[in-house]
Amino acid sequence: MAEKGSSTAPQPLPFRRRSTSEMKNKSASVSCSLLPAFGTVVDDGDLHLKRNVIAPYDRRYRWWQTFLVGLVIYSAWASIFELTFDKAANGVLLFIDLVVDFFFAIDIILTFFVAYFDTSKFVLVDDHLKIAFRYVTKFWLFMDVASTIPFTLINKILIGEWHTGQVFGLLNLLRLWRLHRVGELFKRLEKDIRFSYFWTRLLKLICVTLFAVHSAGCCYYWLAARHKPSEHTWIGRLIGDFKQKGVWHGYICSIYWSIVTLTSVGYGEFYSMNEGEKIFNSIYMLFNMGLIAYIIGNITNLVVQSVVKTFAMRDSINEVMRYASKNQLPEGMREQMLAHMQLKFNKAELQQEEVLKDLPKAIRSSIAQHLFWKTVEKTYLFQGVSDGFLSQLVSEMKAEYFPPRIEIILQNEIPTDFYILVSGAVDVVTYKNGTEQFLSNLEFADVAGEIGVIFNIPQPFTVRTKRLSQVIRISHHQFKQMVQSESGDGKIIIANFMEYLRGLEKDMLQELPFLTELLADQNVQQPTAQNEEKQNRETMDSTDGNPTGTSNTSDPSLSAGTIRVIIYGYHPSKKTMSGDRLGKLIYLPNSIADLFNLAEKKLGKRGSTILMADGSEVEDFSALRENDHLFIV
């Protein structure tokens with residue numbers, strides 16, 4: 001399909017449901033895909049280029065480039081080999097060279113139809129004239145043509161002989177220009193997640209080493225073959241008629257010398273006999289120093305990368321153990337610290353925050369909903385809430401792992417989070433006079449810590465894992481914000497929570513004495529609230545919508561049982577005993593007088609003023625919110 005513009009902004013990878021293999025292949029090519037500039041508008045369909053224009057990241061074109069890399073490897077070997085051994089250049093290798101040159105000639109033609117990425121404008125240029133102008137004006141076309149011309153065939157046509165003279169052999173060395181394709185291939189493979197980085201890098205080092213060995217051996221033999229007398233050469237000293245021994249005999253001797261010199265072994269069979277060989281040998285040994293340093297550095301880096309996590313784990317564990325010994329921590333606490341550090345490194349790839357921290361929020365939310373939606377949906381606290389609220393809740397949750405016998409929540413700690421169990425099991429315990437008492441067991445989709453968070457009181461119980469457990473948590477602050485913004489869902493959550501409290505076992509209720517009064521008050525106030533709401537509806541019907549009706553001026557949204565507050569019997573600036581500071585959790589009545597009466601009943605004394613925590617006086621209940629702290633003085 002033709003486009004009007006001369007350039008097309010590339011399209012990012014679409015986010016669609018795909019098979020695992022397709023997604024892996026797609027993600028593997030991200031490193032070499034072209035990304036649009038910021039603000040560039042792209043359509044939702046496939047990328048459309050001009051007719052007869054090839055995308056540089058097209059899969060078929062990539063396979064063609066990979067095939068050419070194989071031919072490049074042959075060209076790099078044959079060009080030097082044929083220069084050194086004239087006899088080999090006139091046999092089968094000559095026919096293979098012509099075939100290889102033919103394929104590269106095809107690639108030159110294809111290059112005129114391959115779109116290119118303009119780095120100055122960050123667009124994919126698909127205009128034929130611009131593609132051709134760029135290729136012609138660059139150095140690439142000249143070198144591609146020069147490295148593809150079959151000089152031996154031209155020599156045969158013009159002179160009638162095959163490969164006569166060293167000039168044509170040296171011209172064949174222009175084929176080494178094609179080696180840049182190998183470098184580009186390895187760059188792409190190193191970023192391709194379908195291939196191991198370690199083995200890709202190792203293969204690259206092996207290829208560099210083999211090419212260095214081959215090139216040095218052939219050049220050293222070339223010097224010996226053209227030196228007179230031949231007995232004053234490194235190979236002629238031992239093999240007087242080495243030129244008549246055959247091509248492969250000379251090649252094996254050359255490679256043997258090159259490997260022995262590269263590895264700095266030097267058995268002494270072959271050594272320099274003339275000035276030219278001494279100069280070449282010196283240069284080659286200096287080159288070997290750099291090559292060996294390059295190889296050792298790369299292999300060291302690969303090995304260190306494979307064990308760096310192990311070193312980090314050992315160092316962290318040693319630091320933890322030194323800290324525990326210095327502060328004389330109990331043995332049980334040391335075991336918990338050690339277990340947590342081991343789990344941190346063993347399950348590092350499963351830590352949600354570490355894996356997802358660099359992803360956009362939308363993707364993180366989609367992943368969290370895919371993993372934890374069903375778990376949160378089955379939790380008693382959120383049954384019946386809207387899907388929108390559930391989606392917000394799941395998106396804000398964080399996943400964690402805890403090893404066996406680790407405290408997730410400590411009794412009397414500040415309620416910062418509550419937890420939903422995804423897998424594993426935990427025990428709920430309490431401590432009385434230094435003795436641990438088991439209360440209950442929690443498993444899949446059960447909630448821990450919600451009592452302290454919802455009542456805004458210190459956590460009443462300790463929660464400890466029985467085995468390896470995965471939990472998702474949400475902070476008190478985020479949960480409160482979401483509940484306040486979604487009043488309808490908030491009422492459902494409170495209703496579910498109160499129903500759960502009614503079903504608590506006796507042992508747990510004994511640890512929460514204020515719950516008995518709260519549940520009793522709710523049972524009394526709930527029928528009253530229903531009667532008042534019924535009266536409000538009747539009054540509104542009788543006034544027929546007249547705003548001047550005065551039968552009942554109470555706001556139904558502030559009726560008893562709607563807002564819960566905590567009341568105290570002292571001034572907010574006064575310091576009291578820890579037992580008096582707990583306060584009483586009540587449902588806000590309809591009037592200030594009713595609040596004074598309820599406070600007298602709960603606190604044992606009657607007040608005349610209602611203050612907030614900052615000392616401001618309360619005159620209207622419409623300004624109050626859920627879980628506000630009121631001081632009756």
Side-chain angles (χ1 to χ4, degrees), residues 10-35 46-47 54-77 100 103-104 107 110-111 114-117 119 124 176-214 291-312 345-351 354-359 363 367:
Q11 180 188 358
L13 298 179
F15 185 73
R16 299 195 302 258
R17 292 189 178 272
R18 301 177 182 270
S19 63
T20 303
S21 59
E22 185 181 358
M23 287 299 295
K24 191 171 183 179
N25 293 338
K26 205 69 175 177
S27 61
S29 63
V30 169
S31 60
C32 48
S33 296
L34 306 178
L35 302 179
D46 296 331
L47 179 62
I54 303 172
Y57 47 84
D58 184 87
R59 179 175 299 181
R60 293 167 296 179
Y61 184 71
R62 283 290 173 83
W63 277 111
W64 168 256
Q65 292 294 316
T66 305
F67 169 71
L68 290 182
V69 168
L71 301 183
V72 168
I73 296 175
Y74 165 79
S75 297
W77 175 83
V100 171
F103 282 112
F104 280 102
D107 184 68
L110 284 178
T111 305
V114 178
Y116 70 91
F117 187 64
T119 56
L124 193 64
L176 297 179
W177 160 258
R178 302 167 182 171
L179 283 174
H180 72 88
R181 298 174 183 267
V182 180
E184 294 174 357
L185 174 66
F186 276 109
K187 286 182 180 179
R188 191 164 73 247
L189 292 180
E190 288 172 358
K191 299 176 183 178
D192 196 328
I193 63 174
R194 295 172 296 179
F195 301 95
S196 170
Y197 178 81
F198 176 87
W199 293 110
T200 301
R201 194 71 180 175
L202 188 61
L203 179 62
K204 180 180 180 180
L205 296 177
I206 293 174
C207 291
V208 171
T209 304
L210 292 178
F211 180 72
V213 168
H214 169 73
L291 178 62
I292 292 174
Y294 172 76
I295 294 174
I296 293 176
N298 276 268
I299 292 179
T300 302
N301 185 41
L302 293 175
V303 173
V304 170
Q305 282 184 348
S306 64
V307 297
V308 65
K309 291 184 178 179
T310 302
F311 289 153
F345 287 96
N346 292 337
K347 301 293 183 181
E349 68 277 6
L350 300 178
Q351 295 295 326
E354 295 296 326
V355 176
L356 306 182
K357 64 181 180 180
D358 294 328
L359 296 177
I363 297 179
I367 294 174

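Treat the numbers as computed from the prediction; the structure is a model and nothing was measured.
- Here OG1 of Thr66 is found 11.0 Å from OH of Tyr61. Values are rounded to the nearest 0.5 Å.
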Between Asp107 and Arg181, does a salt bridge (charged side-chain N to carboxylate O under 4.0 Å, His left out) hold up when you go through it step by step? CA-CA 12 Å; Asp107 184 68; Arg181 298 174 183 267; 2.6 Å; yes
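- Considering all non-hydrogen atoms of both residues, Phe103 and Trp64 come closest at O-CZ2, 3.7 Å.
- A donor-acceptor pair under 3.5 Å links the side-chain atoms of Asn298 to the main chain of Tyr294, judged by distance alone.
- Counting only heavy atoms from C-beta outward, the side chains of Tyr197 and Thr200 never approach each other to under 4.5 Å.
- Side chains of Gln65 and Leu110 form no contact here, defined as non-hydrogen atoms less than 4.5 Å apart.
- Contact between Leu176 and Ala76 at its shortest, heavy atoms only, is CD2-CA, 3.8 Å.
- The line from CG of Leu202 to CD1 of Ile295 is 10.0 Å long, rounded to the nearest 0.5 Å.
- For the atom pair CG of Leu291 and CD1 of Ile296, the computed distance is 9.5 Å after rounding to the nearest 0.5 Å.
- Annotation for Val72 and Arg178: closest pair CG1-O, 3.3 Å, computed over non-hydrogen atoms.
- Between Leu205 and Thr209, the shortest heavy-atom distance links the atoms O-OG1, 2.8 Å.
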Please determine whether side-chain contact (heavy atoms from CB on, under 4.5 Å) holds for the pair Leu124 and Tyr57, giving the CA-CA distance in whole Å, both sets of side-chain angles, and the decisive distance to 0.1 Å. CA-CA 11 Å; Leu124 193 64; Tyr57 47 84; 4.2 Å; yes
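- Counting heavy atoms from C-beta outward, Lys204 and Glu190 have side chains that approach closer than 4.5 Å.
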